[in-house]
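If you're wondering where the values come from, they're calculated on a predicted model, not measured in any experiment. In what follows, chains are A, B, ... by sequence order, proteins preceding strands, each numbered from 1.
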Amino acid sequence: MAKTSALMAGRWERSSEATMSADFFQFQPFNLPPEAEALRADVRDFVARELKDRPLSELGQTWSGSDPEFSRKMGAKGWIGMIWPKRYGGHERSSFERYVVLEEMLAADAPVGAHWVADRQSGPLLLRFGTEEQRQEHLPAIARGERFFCIGMSEPNSGSDLASVRTKAERVAGGYKVNGRKIWTSGAHRAHFMIATLRTQSDPEDRHGGLTQFLVDLKTPGIHISPIEDLSRRSHFNEVLFEDVFLPETARVGNEGDGWTQVTSELAFERSGPERFLSCYPLFRELIREIGPEGDRLQRIAIGRLTARLVTLRRMSISVAGMLNEGANPALEASVVKDQGAMYEQSLPNIARALVELVPTVEGQSPYQEILGTLLQAVPSFSLRGGTREILRGIIARGLGLR
Amino acid sequence: MSELQSMIFETADRIFADHVTHDLIAKSEAGEAPHDLWRDLTFAGLPKALCSEAAGGIGGTWSDVFGIIKAAGARAVPLPLGEIMAAHWLAEQAGLAVPEDAIAVFAAASGPEPGVTVQISLESSLPTHLVAWDEAARTLSLAVLKEADSPRSIAGARQLSLHITDQEIIEIAPLDLPGMSPLALGAMLRAAQMAGAMEAALRLSVDYVNERVQFGRPIGKFQAIQQQLAMMSGHVAAAARAAQVAFETNSAFDIACAKLIAGEAAEVVTDVAHQVHGAIGFTYEYQLQFLTRRLWSWGSEFGATAYWAERVGGATLATGPDAVWSAITENRLVL
Ligand SMILES: Cc1cc2nc3c(=O)[nH]c(=O)nc-3n(C[C@H](O)[C@H](O)[C@H](O)COP(=O)(O)OP(=O)(O)OC[C@H]3O[C@@H](n4cnc5c(N)ncnc54)[C@H](O)[C@@H]3O)c2cc1C
């Protein structure tokens with residue numbers, strides 16, 4: 001034991017001191033303030049009115065479900081671009097107020113997919129890095145719920161290794177000529193614009209420095225959008241082909257070569273929201289309905305675990321929102337919530353099946369079976385989209401000081 | 001942290017750091033009382049941190065002492081500081097006078113029958129008195145703690161199961177704390193201790209994998225190790241946040257969630273922490289076991305994971321599908 005003692009000498013004292021002085025994460029204890037809570041009743045009335053008598057086939061899709069008319073109505077209510085400056089059509093509300101609207105929409109299974117990306121990340125990206133002209137041109141239209149965006153990051157040979165994108169934007173007179181292919185582009189078929197991350201320089205030594213972001217009008221000649229059916233035969237995502245597509249100088253977002261920095265800041269928005277643990281809420285609700293007011297012991301235990309995880313994830317997510325509101329950069333905490341949220345959501349359909357023996361259906365009869373059928377087929381993507389489980393854990397490991 | 005919070009936290013943590021060594025914990029587990037540690041904690045007024053200044057206390061809230069209870073868990077402090085604080089807190093509310101030289105611990109009598117068995121998990125041979133909160137009888141009893149032959153938990157704590165009527169009772173007073181229960185109070189303490197122990201196990205693991213070299217590099221450079229620790233750290237963060245909320249609101253529902261989240265997290269944390277440590281983590285001489293054995297034991301004390309899960313689940317189902325969401329957002333779910 002002499003050797004092991006030497007190896008361990010002092011570790012206890014040292015490491016516990018470190019524990020006390022340096023927590024790995026900062027989940028500060030934020031609560032939603034009263035002015036945010038004040039919005040809730042209005043949002044609930046709105047969704048109750050707008051979403052009654054929906055067909056079963058639309059249930060369980062939450063932010064993958066899309067309804068441009070619903071988006072316009074939300075825009076009219078002032079619930080898109082909520083935290084942006086008024087001069088860009090925003091409403092100068094707090095992140096907490098926005099949080100309340102988002103979580104109410106998700107809990108109600110509202111079809112918010114059309115404007116989701118523009119509100120969550122394209123708009124904020126333009127606010128930070130866009131030109132004044134770009135902001136004036138797009139932000140008010142986004143906030144009205146009339147202009148939809150999609151994210152052009154992934155390519156056939158560029159998934160997790162985003163810095164390897166190849167779709168090329170070559171300088172030509174007055175702008176750029178684009179050739180290549182984006183894939184898995186959610187909502188491209190109904191979006192008006194894409195924020196595309198493209199290669200403007202092919203220096204193999206500087207993969208990151210050769211990337212630039214562009215605002216692409218999807219009506220530009222040379223762009224071909226073809227839907228890809230997912231495993232359930234729904235077409236949410238697409239392949240987007242660029243053939244000699246001309247983009248004017250004014251389409252560039254930020255400086256040439258700044259694409260990598262910009263895209264990483266965009267990912268922080270992409271990963272931090274309540275959609276990372278509330279996409280399955282409708283199933284939880286219907287599961288409770290199927291079990292009834294008492295349930296047996298096994299059902300109560302399983303439901304209790306799910307409730308506690310949901311409540312805790314929500315508290316963690318609200319503290320991320322609070323840190324964002326104060327201008328902090330909780331990228332690490334956001335990754336933790338997304339990873340924990342995906343585990344929770346991916347376990348839910350299987351737990352439901354263990355508790356209530358009803359076959360998951362499509363074109364079924366009960367909301368429970370229909371939502372179960374939809375989500376059972378959807379949850380594998382929750383640890384892929386927005387950064388895979390392994391990539392997120394790599395980010396967290398870096399935060400722990402392991403990389 | 002508020003000024004009061006950081007002041008008492010720093011005081012407590014310094015005392016823990018000065019006293020709580022491998023040797024001290026090992027001796028305590030073998031039945032020796034940590035008198036010097038106790039003397040310093042008493043001198044700093046920590047046992048009465050939750051009592052009013054009029055009663056000789058610091059006037060803190062549970063939220064103010066959260067960091068201390070968590071740190072006590074992180075350092076495996078070998079005496080029941082949380083239960084001692086709780087005893088003084090309850091005694092003041094019921095108007096019971098704890099004798100000056102007594103070391104009193106809170107004990108929970110939560111069965112359906114009044115006046116019956118109290119369960120105590122005693123980390124040390126220091127305590128001399130009991131402050132037993134009987135839920136059914138709505139009373140608080142101050143009694144002399146009589147040595148009893150008792151089994152030890154895997155964390156080395158004596159598991160006393162006493163009939164309060166067999167004890168030498170000094171005083172009984174009525175006590176009713178709406179929204180709180182003896183079991184919930186104990187569970188709240190354990191949730192914080194567990195959160196602390198898990199943070200410490202994470203830190204210990206990260207430090208270890210950054211030092212331990214195999215195949216020519218620190219094992220922390222291997223992705224398989226990184227991924228496991230990253231996943232584990234999410235559970236640690238969840239348990240810490242849930243416990244903090246329980247100390248802020250003191251609601252039985254939030255406490256139940258915190259204890260059950262801690263219990264679930266501890267299953268992952270004990271598993272991964274031991275895995276990344278290899279054989280050395282499996283020795284008594286290495287410190288990880290002080291944390292993991294306590295995590296296993298604490299998970300079963302004051303209501304195990306399944307107990308609290310069933311209570312939370314029962315409350316959820318009774319609330320019903322269409323009211324659950326608003327109950328969550330308005331903090332209206334009650335046990
Ligand atoms: C429903 C859905 C919607 C999407 N929407 C969009 C969109 O709108 N816009 C867009 O740009 N993209 C979108 N994506 C693409 C998504 O961002 C990618 O799927 C994701 O980045 C992973 O890339 P990949 O699919 O090529 O998998 P790969 O990167 O090939 O990964 C395959 C597996 O290998 C693992 N892996 C890869 N690299 C490593 C490594 N270094 N270490 C350990 N493991 C590794 C991954 O974690 C994964 O498990 C969407 C995807 C889905 C499923």
Item to check | Contacting region of Arg398(A) [heavy-atom separation from chain B under 4.5 Å] | outcome: neither

Next on the checklist: Looking at chain B, which one of Arg40(A), Glu286(A), Glu290(A) has the largest number of heavy-atom pairs inside 4.5 Å, strictly under?
Outcome noted: Arg40(A)

Checklist entry - Most heavy-atom pairs under 4.5 angstrom with chain A, which of Thr319(B), Leu333(B), Asp254(B)? => result Asp254(B)

Next on the checklist: Given 3.5 Å as the limit, does a donor-acceptor pair link the side chain of Gln226(B) with the main chain of Arg403(A), or not?
Outcome noted: no

Next on the checklist: If I measure from the heavy atoms of chain B, does Leu32(A) come under 4.5 Å with its side chain, its backbone, both, or neither?
Outcome noted: neither

Next on the checklist: To check you understand the geometry: which heavy-atom pair defines the closest contact between Gly234(B) and Gln340(A), and what is its length?
Outcome noted: C-NE2, 3.2 Å

Checklist entry - Does the side chain to side chain contact (heavy atoms under 4.5 Å, CB included) test come out yes or no for Phe253(B) and Thr307(A), once each step is laid out? => result CA-CA 11 Å; Phe253(B) 177 82; Thr307(A) 302; 4.0 Å; yes

Checklist entry - Would you call Ile301(A) and Tyr307(B) a side-chain contact if the rule is heavy atoms closer than 4.5 Å? => result no

Next on the checklist: If I take atom CD from residue Gln299(A) and atom CD from residue Glu310(B), how far apart are they, to the nearest 0.5 angstrom?
Outcome noted: 11.0 Å

Checklist outcome for this item: Smallest heavy-atom separation, Leu400(A) atom then Val206(B) atom, equals O-CG1, 3.3 Å

Next on the checklist: Can you tell me which of Gln227(B), Lys221(B), Gln223(B) forms the most heavy-atom pairs within a distance under 4.5 Å of chain A?
Outcome noted: Gln227(B)

Checklist outcome for this item: For Arg300(A) and Gly314(B) the tightest heavy-atom approach is CD-CA, 3.7 Å

Item to check | Residue among Glu294(A), Arg305(A), Arg285(A) with most heavy-atom pairs under 4.5 Å to chain B | outcome: Arg305(A)

Checklist entry - Does any donor atom in the side chain of Thr329(B) or Arg44(A) lie under 3.5 Å from an acceptor atom in the other side chain? => result yes

Checklist entry - Do the side-chain N and O atoms of Glu103(A) and Trp325(B) include a donor-acceptor pair separated by under 3.5 angstrom? => result no

Checklist outcome for this item: Turns out that what part of Ile318(A) lies under 4.5 Å from chain B's heavy atoms comes down to neither

Item to check | Proximity of residues 236-244 of chain B to chain A, residues having a non-hydrogen atom under 4.5 angstrom | outcome: Ala237(B), Ala238(B), Arg241(B), Ala242(B), Gln244(B)

Item to check | Within 6.0 angstrom of Glu330(B) CD, more than 12 heavy atoms from elsewhere | outcome: yes

Next on the checklist: Counting C-beta onward and ignoring hydrogens, is there a side-chain heavy-atom pair between Leu402(A) and Ile225(B) closer than 4.5 Å?
Outcome noted: no

Checklist outcome for this item: Looking only at Ile396(A), Leu313(A), Leu306(A), Ile395(A), the option with the highest number of non-hydrogen pairs under 4.5 Å against chain B is Ile396(A)

Checklist entry - Heavy-atom distance under 4.5 Å to chain B: side chain of Phe25(A), backbone, both or neither? => result side chain

Checklist entry - Any sub-3.5 Å donor-acceptor pair from Asp339(A)'s side-chain atoms to Met231(B)'s backbone N or O? => result no

